[in-house]
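Presented below is the structure to which this report refers.
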Amino acid sequence: MRRTSPRKPCSVFFVRLEDWRTMAMRVKSCKFTVTLLLIGLICLTGLILFDHVQQVIEYRKRTANEIEEELVITANNEDEHHEADRKMEEVQQQRKAAVERVCNSNAFSTNVLPEELDHLLVDDKHKLIYCYVPKVGSTNWKRVMLILADGYNYNGTNPLDVPAVDSHHAGLTKLSSFSKSEARRRVRDYTSFLFVRHPFERLLSAFRNKFERAYNDYFLSRYGRKIVRMYRKNATNESLTTGQDVKFDEFVRYLIDGRKSVGISFNEHWMQQFKLCQPCKVPYSFIGKYETLNADADFLLRTAGLDHITRFPAKPRPKSVKKSTKELLKDYMKDVPSASQRKLYNKYRYDFEMFQYSWDDID
């Protein structure tokens with residue numbers, strides 16, 4: 001057997017040196033790879049940062065433009081509000097001037113009777129006086145007054161959450177409950193307002209609500225039966241007993257004749273508006289109209305500093321298939337003779353003149 005001679009020390013050294021060189025080359029290769037990776041990572045990070053910076057710059061530019069646009073829109077809105085307020089103030093001056101003109105040109109008594117103030121509701125906390133006129137949004141205005149008034153157990157801000165029955169029976173304070181001096185002081189110092197409506201439209205709304213769509217028998221029994229008995233020839237026993245089929249022209253004849261016909265004074269739902277609110281004796285701060293109810297109500301509450309507490313419920317737009325009261329009035333008036341229409345106008349003449357309505361509005 002051949003014996004293998006052992007390696008010499010020198011050859012071993014060169015072998016080990018060769019291994020170190022290989023390892024060194026590998027290390028250099030690894031370093032180069034790591035360096036490339038680091039350079040790539042740095043470049044990628046730079047690109048990401050650059051893109052982010054660009055996005056931030058674009059965002060800031062866009063935000064600045066949006067802010068500028070919002071400022072312009074806000075400024076325009078403020079200008080529009082100022083212009084709308086200016087026009088509203090002019091309208092108020094015209095409305096109050098019309099009332100004053102009619103009051104001055106007619107011999108109205110200046111003596112104020114306590115019962116003439118029964119429709120004026122007082123909110124001492126917010127220094128408000130509201131004269132309610134039935135069929136002119138009065139239910140919702142009473143709801144607003146209840147939210148504002150002290151002592152009513154309601155903490156919300158939406159008037160429609162107040163039950164309608166509460167608005168009529170919650171015991172709002174009447175101006176007539178105060179002494180003459182206290183009532184006079186409140187009229188002088190408080191913001192007082194009323195809302196009115198075209199007299200004939202208001203009458204038709206009352207007729208339809210109380211006689212055609214009556215939710216109870218009170219008006220049919222107290223007024224309907226007597227109207228049928230006075231103005232209908234050959235009335236049936238059922239009509240005389242129930243009063244459920246009163247015709248509008250019969251209702252108009254009753255209004256023209258007044259108390260002398262049925263022996264009953266006018267109900268508040270068809271009492272003249274100027275008699276309910278006495279604008280010749282009470283200098284109202286604000287006169288609103290049903291025809292511009294939403295705009296007038298918003299302006300009133302905003303200028304009184306109360307729009308942060310509550311808002312008046314927006315008047316719903318009538319459905320396209322449903323006729324408005326103004327449109328229906330033309331149909332109902334066709335059955336009323338011209339002479340009766342003229343007499344009815346004369347009965348409500350001061351409402352027409354004081355509040356700038358026209359008989360021609362129904363044509």
Side-chain angles (χ1 to χ4, degrees), residues 115 118-119 132-139 142 163-165 167-169 196-276 290 316 318-319 321-352 357 359 361-363:
E115 57 268 23
D118 280 347
H119 275 245
Y132 71 93
V133 178
K135 311 312 299 178
V136 192
S138 60
T139 298
K142 287 180 180 179
V165 65
S167 69
H168 300 298
H169 302 290
V196 295
R197 185 178 187 178
H198 189 287
F200 286 176
E201 289 184 31
R202 176 172 170 259
L203 292 177
L204 178 57
S205 178
F207 172 76
R208 298 184 69 217
N209 180 247
K210 303 306 178 185
F211 295 103
E212 288 189 342
R213 301 176 298 183
Y215 53 86
N216 60 47
D217 294 336
Y218 173 79
F219 284 88
L220 301 178
S221 176
R222 183 168 176 78
Y223 296 96
R225 292 187 302 173
K226 295 179 180 180
I227 291 173
V228 170
R229 186 174 69 246
M230 290 295 299
Y231 299 108
R232 186 181 303 175
K233 294 180 180 180
N234 303 318
T236 64
N237 288 332
E238 182 180 0
S239 296
L240 292 170
T241 302
T242 64
Q244 290 182 349
D245 58 348
V246 176
K247 304 295 187 295
F248 185 67
D249 66 304
E250 297 170 341
F251 178 62
V252 168
R253 291 175 66 187
Y254 153 67
L255 295 176
I256 294 171
D257 290 344
R259 183 168 185 166
K260 66 181 183 180
S261 63
V262 297
I264 303 175
S265 60
F266 267 20
N267 182 271
E268 62 178 8
H269 290 84
W270 45 84
M271 177 70 75
Q272 291 91 333
Q273 297 168 92
F274 86 95
K275 286 187 176 181
L276 292 175
Y290 186 79
K319 298 179 180 179
V321 296
K322 182 181 178 182
K323 285 187 176 182
S324 65
T325 302
K326 184 175 183 178
E327 293 171 327
L328 288 171
L329 182 60
K330 298 177 183 179
D331 297 334
Y332 278 79
M333 279 297 189
K334 291 177 182 177
D335 296 328
V336 179
S338 298
S340 295
Q341 291 187 30
R342 172 56 62 180
K343 291 178 180 179
L344 185 65
Y345 172 84
N346 289 334
K347 194 78 175 183
Y348 292 86
R349 180 168 66 90
Y350 291 131
D351 279 354
F352 277 96
Y357 290 109
W359 187 14
D361 291 341
I362 65 173
D363 294 336

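Computed from heavy atoms alone, side chains included, the values below leave out hydrogens, waters and symmetry copies. Sequential numbering from 1 along the given sequence is applied to the chain's residues.
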Would you confirm whether the ring centroid of Tyr348 sits within less than 6.0 angstrom of the ring centroid of Trp359? no
Is there a donor-acceptor pair closer than 3.5 Å between any side-chain N or O of Arg229 and the backbone N or O of Gly243? no
For the residue pair Arg232 and Asp245, what are the closest heavy atoms and their distance? NH2-O, 2.7 Å
Basic-acidic side-chain contact under 4.0 Å: Lys323, Asp331: yes
Here's one to test your reading of the geometry: is the NZ or CZ of Arg222 within 45 degrees of the ring axis of Tyr218 and under 6.0 Å from its centre? no
Under 3.5 Å, is there a donor-acceptor pair between the side chain of Ser239 and the main chain of Ala235? no
The reported gap from OG in Ser340 to CD1 in Ile256 (rounded to nearest 0.5 angstrom) is 4.5 Å
Could you tell me if the ring centre of His269 sits under 6.0 Å from that of Phe207? no
What closest approach, in Å, do Thr241 and Arg225 show between heavy atoms, and which atom pair accounts for it? O-CD, 2.7 Å
How long is the gap from CZ on Phe219 to CD1 on Ile227, to the nearest 0.5 Å? 11.0 Å
Using a 3.5 Å distance criterion without hydrogens, assess whether the side chain of Lys210 forms a donor-acceptor pair with backbone atoms of Arg208. no
Is there a donor-acceptor pair closer than 3.5 Å between any side-chain N or O of Glu327 and the backbone N or O of Ser324? yes
Got a donor-acceptor contact below 3.5 angstrom from the His119 side chain to the Tyr132 backbone? yes
Is the shortest side-chain N to carboxylate O distance from Asp257 to Lys343 below 4.0 Å? no
Quick check against the 3.5 Å criterion: does Asp351 have a side-chain atom that pairs as donor or acceptor with the backbone of Gln272? no
Apply ring pair (Phe, Tyr, Trp, His ring centres under 6.0 Å) to Tyr290 and list each qualifying residue two or more places apart in sequence or on a separate chain. none
Less than 6.0 angstrom separating the ring centers of Tyr231 and Tyr254, yes or no? no
Sub-3.5 Å donor-acceptor pair from the side chain of Gln341 to the main-chain atoms of Val336, do we have one? yes
Which atom pair, heavy atoms only, marks the closest approach of Phe251 to Leu203? CE2-O, 3.9 Å
State whether the side chain of Gln273 and the backbone N or O of Val133 hold a donor-acceptor pair below 3.5 Å, judged by distance alone. no
